[in-house]
Amino acid sequence: LMYRPEDIAGDSARFSTFFSVLASGRLPHGEEVPVLLQFWHGLSSFGGFAACVALTIWFFRKEKMPFWPNADGLAIGLTLGWFFGRMGCFSAHDHAGNVTNFYLGVYGMCPGGNPTVACHDLGLYEALWSISAFGLFSFLDRKPRPTGFYTGLLAALYGPSRFASD
């Protein structure tokens with residue numbers, strides 16, 4: 001997990017302080033920022049997603065193109081790009097899961113770096129999920145589908161898989 005439950009436990013008070021400080025006209029810092037909003041502690045991919053969302057909005061507005069009829073193509077392409085991104089995470093062993101005896105467990109990546117203990121590599125599992133989703137979408141794309149089909153299917157498939165891995 002990115003955040004331990006004990007780190008998040010005090011977040012309700014921090015959120016209250018955070019919004020009080022914002023309302024007073026100054027920017028919160030340090031302990032005033034809730035743990036879940038501290039993007040500088042390991043949420044580096046959020047910057048990439050935020051930039052892509054901003055550029056996508058800009059592009060569709062500039063070209064005067066409707067978004068939703070094109071969103072399905074983006075969803076299909078995203079799964080393939082996601083695969084390569086998560087393979088990078090797997091090669092760096094960025095996302096350690098629980099200790100395991102499973103044959104796909106990776107030795108030495110657990111917190112503490114003990115080379116005799118294996119942990120689930122969540123980057124690998126998400127790479128396998130995304131390439132499977134790309135394969136499914138490619139198979140399903142042989143027949144016309146309603147607008148938004150792949151966008152909705154991506155959300156419906158990813159939510160439960162991410163919940164299970166976390």
Side-chain angles (χ1 to χ4, degrees), residues 1-11 14-15 33-60 67-68 70-166:
L1 292 175
M2 188 178 313
Y3 299 108
R4 298 181 316 243
E6 57 269 20
D7 291 339
I8 299 171
D11 255 13
R14 285 190 204 104
F15 268 104
V33 179
V35 173
L36 291 175
L37 296 180
Q38 294 178 7
F39 59 86
W40 53 89
H41 288 289
L43 295 175
S44 59
S45 61
F46 279 18
F49 279 115
C52 287
V53 167
L55 287 171
T56 301
I57 291 169
W58 170 80
F59 175 79
F60 279 98
F67 175 74
W68 288 110
N70 296 293
D72 284 338
L74 293 172
I76 293 170
L78 176 66
T79 58
L80 185 59
W82 206 329
F83 167 74
F84 289 109
R86 286 305 181 189
M87 285 305 291
C89 294
F90 170 61
S91 67
H93 304 303
D94 280 344
H95 308 286
N98 293 329
V99 174
T100 185
N101 291 325
F102 187 53
Y103 72 96
L104 289 177
V106 177
Y107 286 91
M109 74 172 287
C110 299
N114 186 341
T116 63
V117 178
C119 282
H120 291 286
D121 193 322
L122 303 180
L124 173 64
Y125 299 157
E126 199 163 318
L128 294 173
W129 176 89
S130 61
I131 199 68
S132 299
F134 178 74
L136 174 66
F137 288 4
S138 297
F139 175 77
L140 292 175
D141 198 38
R142 296 184 306 170
K143 289 173 54 175
R145 306 283 175 187
T147 299
F149 176 81
Y150 296 102
T151 306
L153 186 58
L154 179 63
L157 293 175
Y158 182 64
S161 71
R162 184 58 190 241
F163 182 79
S165 72
D166 282 350

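Side-chain atoms are counted along with the backbone in the values below, which use heavy atoms only and exclude waters and symmetry mates. This is a predicted model, so every value here is computed, not measured.
The heavy-atom pair separating Pro160 from Ala155 by the smallest distance is CD-O, 4.5 Å. Between Gly105 and Ala118, the closest heavy-atom pair is C-CB, 4.0 Å. The two residues Ala75 and Leu154 make their nearest non-hydrogen contact at CB-CD2, 4.0 Å.
The SG atom of Cys52 sits 13.5 Å away from atom CZ of Phe59, with the distance rounded to the nearest 0.5 Å. Taken from CE in Met109 to NE2 in His95, the straight-line distance is 8.5 Å, to the nearest 0.5 Å. Between atom CG of residue Asn70 and atom OG1 of residue Thr147 there is a gap of 9.5 Å, rounded to the nearest 0.5 Å. To the nearest 0.5 Å, atom CZ of residue Arg142 and atom OG of residue Ser138 are 10.0 Å apart. The structure places CZ of Arg145 at 5.0 Å from CG of Leu140, a figure rounded to the nearest 0.5 Å. In this structure, the separation between CG on Leu157 and OG1 on Thr79 is 10.5 Å, given to the nearest 0.5 Å.
Contact check for Leu124 versus Val106: no side-chain heavy atoms found under the 4.5 Å cut-off. Between Leu74 and Phe67 there is a side-chain heavy-atom pair separated by less than 4.5 Å. Residues Phe134 and Ile76 have side chains in contact (heavy-atom distance under 4.5 Å, counting atoms from C-beta outward).
At most 12 non-hydrogen atoms from other residues, nucleotides or ligands lie less than 6.0 angstrom from CG of Asn98.
With hydrogens and angles disregarded, a donor-acceptor distance shorter than 3.5 Å links the side chain of Tyr150 to the backbone of Asp141.
Applying the salt bridge (charged side-chain N to carboxylate O under 4.0 Å, His left out) test to pairs two or more places apart or on separate chains, those with a residue in residues 114-127 are Arg86-Glu126, Glu126-Arg162.
Classified by interplanar angle (parallel below 30°, tilted 30° to 60°, perpendicular above 60°), the ring pair Trp129/Trp82 is perpendicular.
Taking Cys110 as the reference, Cys119 meet the disulfide (SG to SG under 2.5 Å) condition, with sequence neighbours excluded.
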